[in-house]
Amino acid sequence: MAALTLERVTKQYPDGTVAVRDVTLRVEDREFVTLVGPSGCGKSTLLKLVAGLETPTAGTISIGETPVTDLPPRARDVAMVFQSYALYPHLTVYENLAFGLRLRRPRPQEVDTRVREAAAVLGLGDLLDRRPGELSGGQQQRVAMGRAMVRRPRAFLMDEPLSSLDAKLRLHMRAELLRLRTRLGAPILYVTHDQGEALSLGDRVAVMHAGRLHQLDRPLALYERPADLFVAGFIGQPPMNFLEGRLGPFGDGAALIMGEIATPLPAALRPVRPAWLQEPLVVGIRPQDVRLLEGGDAGDMAPCCRITALVEATEPFGNEIYVHLAPEAPLWATEEERPTFRALLRSGQQVQPIERVRLALPLARLYLFSRRTGDHLEA
Ligand code: ADP
């Protein structure tokens with residue numbers, strides 16, 4: 001078994017739409033890579049390119065040492081699992097599992113062994129005589145997965161396979177996939193628009209936007225070190241807050257300037273490169289990291305910058321409250337660009353709508369992006 005590699009792959013459809021732009025991506029053998037991004041970002045196209053259902057305009061695709069870019073789908077030996085299971089309703093579970101395998105004409109004994117092996121792994125052993133109509137959605141999903149497994153393909157491609165299930169079953173199948181994936185024994189590329197699914201299933205997660213691969217990284221790294229503004233805003237729930245700012249010289253080091261608020265940045269905590277001093281910035285902070293300053297500054301607090309904001313609404317969330325805030329001007333350039341700003345606070349903290357509150361943004365938790373390029377300056 002071997003890795004799945006895409007090298008500088010571009011796909012332009014005949015109508016001029018560039019669905020995939022210069023994507024380089026490697027899924028190691030037995031690695032589970034999830035591909036996530038908003039609708040229309042090119043996820044399905046990328047999967048179709050690997051499956052051979054579309055041909056790239058540029059770039060190469062290989063599985064192990066074998067270039068497959070010009071091979072027809074059947075010759076690539078990849079298995080695709082879709083959201084619609086497309087099981088044969090008149091065939092039993094056993095026959096559904098065996099069907100695709102028989103087309104490849106192995107010895108009959110081999111078919112039986114593989115079907116029973118997959119059924120055992122998937123917990124379908126007692127259901128082999130049933131027809132799809134007699135199965136729950138989750139069981140049908142497992143049959144669809146089993147059908148791909150029995151072929152022992154060189155790569156698995158999964159296109160939102162859980163999206164048609166209800167929320168509870170989806171969580172259940174997610175847990176099953178986590179258990180199963182180590183037994184699939186090939187690279188797995190899994191498309192989803194659901195970041196929760198992407199982060200929980202993927203060994204690594206590929207984040208796409210407008211045809212481009214923005215970052216391919218471990219889930220925690222995406223969260224802690226997003227490569228750019230898009231990834232920062234896309235990964236994390238609730239989403240990261242953004243304010244405008246810039247850096248100015250201050251003593252031996254630099255200060256972060258947001259509106260009329262200048263906060264010295266201790267060099268040991270946030271080293272600043274001289275080039276950044278000229279750069280208009282977007283300053284990011286996650287809602288979980290915003291602190292409420294109650295009754296004056298807390299003395300023991302880590303170095304922070306302090307802003308004032310108006311409470312617009314509060315939403316209780318179990319043991320937390322989600323507070324919608326309007327930071328006071330001028331922390332953004334124009335009224336149209338006034339940012340939504342949210343804080344996730346512990347429930348004990350009392351805030352009321354239309355109250356003015358002082359907030360502390362811990363310097364260690366800020367993200368600095370170039371407003372020009374969107375790049376995360378410290379990534
Ligand atoms: P996703 O799976 O992320 O929702 P797709 O890969 O389906 O995105 O689509 C990416 C872009 O390519 C979209 O702008 C879509 O409208 C366009 N697209 C998809 N298929 C075709 C096609 N056959 N012809 C022209 N444009 C297409």
Side-chain angles (χ1 to χ4, degrees), residues 4-27 32-63 68-74 76 78-86 141 144-145 148 155-165 167 170 173-174 177 187-217 219 222 226-237 239 374:
L4 165 67
T5 317
L6 282 77
E7 197 94 42
R8 308 208 61 174
V9 169
T10 291
K11 172 65 185 178
Q12 180 166 28
Y13 283 113
D15 70 354
T17 309
V18 183
V20 171
R21 269 175 212 273
D22 201 14
V23 168
T24 295
L25 171 76
R26 185 180 160 90
V27 186
F32 198 123
V33 169
T34 50
L35 185 58
V36 67
S39 179
C41 73
K43 306 181 291 294
S44 304
T45 300
L46 193 115
L47 221 53
K48 285 183 198 154
L49 290 168
V50 177
L53 304 172
E54 294 287 354
T55 315
T57 320
T60 55
I61 302 170
S62 4
I63 304 177
V68 299
T69 322
D70 300 315
L71 293 184
R74 288 191 60 90
R76 294 188 184 200
V78 300
M80 196 128 172
V81 181
F82 292 102
Q83 143 185 14
S84 59
Y85 320 125
Q141 176 62 50
M145 200 69 82
F156 286 90
L157 306 177
M158 305 193 185
D159 194 0
E160 308 239 8
L162 307 187
S163 62
S164 60
L165 306 178
R170 203 157 58 223
M173 283 307 297
R174 206 199 266 189
L177 267 176
I188 307 159
L189 189 57
Y190 181 107
V191 160
T192 175
H193 66 276
D194 176 345
Q195 61 154 300
E197 208 167 285
L199 295 171
S200 79
L201 285 172
D203 294 314
R204 288 187 300 158
V205 180
V207 182
M208 272 185 88
H209 173 50
R212 285 189 193 284
L213 177 61
H214 278 236
Q215 191 168 3
L216 171 62
D217 225 327
L222 284 181
D228 57 31
L229 269 173
F230 177 77
V231 178
F234 189 76
I235 297 290
Q237 200 51 37

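Since the structure is predicted, the reported quantities are computational estimates derived from the model, not experimental observations. When a ligand or atom number is given, it counts from 1 through the structure's own listing order. Just so it is clear, the values below take in all heavy atoms, side chains as well, and ignore hydrogens, waters and symmetry mates.
- With Pro56 as reference, Val9 is the one residue of Val50, Asp70, Val9, Leu6 to meet the side chain to side chain contact (heavy atoms under 4.5 Å, CB included) rule.
- Closest to atom 2 (O) of ligand 1, if we only count protein heavy atoms, is Ser44 OG, 2.6 Å.
- In terms of protein heavy-atom proximity, atom 15 (C) of ligand 1 is nearest to Thr17 CG2, 4.7 Å.
- In terms of N/O distances under 3.5 Å, ligand 1 is approached by Thr45.
- The distance from the CG atom of Leu222 to the CD atom of Gln215 is 4.5 Å, given to the nearest 0.5 Å.
- Closest to atom 18 (N) of ligand 1 among all protein heavy atoms lies Tyr13 CE1, 3.4 Å.
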Residues 35-46 side chain polar contacts: donor-acceptor under 3.5 Å, at least two apart:
| from | atom 1 | to | atom 2 | distance (Å) |
| --- | --- | --- | --- | --- |
| Lys43 | NZ | Gly37 | O | 2.9 |
| Lys43 | NZ | Pro38 | O | 3.2 |
| Thr45 | OG1 | Tyr13 | OH | 2.9 |

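- Using cut-offs of 30° and 60° for the angle between ring planes, the Tyr190 and Phe32 rings count as tilted.
- The protein non-hydrogen atom at the shortest distance from atom 8 (O) of ligand 1 is Gly42 N, 3.2 Å.
- The only option from Val20, Thr10, Val23 that meets the side chain to side chain contact (heavy atoms under 4.5 Å, CB included) definition with Leu49 turns out to be Val20.
- Close approach to Cys41 involves these atoms of ligand 1, each under 4.0 Å from a residue heavy atom: 1 (P), 3 (O), 8 (O).
- Of all protein heavy atoms, the one lying nearest to atom 4 (O) of ligand 1 is Gly40 N, 2.7 Å.
- In terms of polar-atom proximity, Ala19 is not counted as a contact of ligand 1, lacking any N or O under 3.5 Å from an N or O of the ligand.
- Side-chain atoms of Thr17 and Asp15 include a donor-acceptor pair closer than 3.5 Å.
- Under a 4.0 Å criterion applied to the non-hydrogen atoms of Asp15, ligand 1 contributes the atoms 25 (C), 26 (N).
- Judged as a salt bridge (Lys or Arg N to Asp or Glu O under 4.0 Å), the pairs with a partner in residues 45-62 (not counting sequence neighbours) are, in order, Lys11-Glu54.
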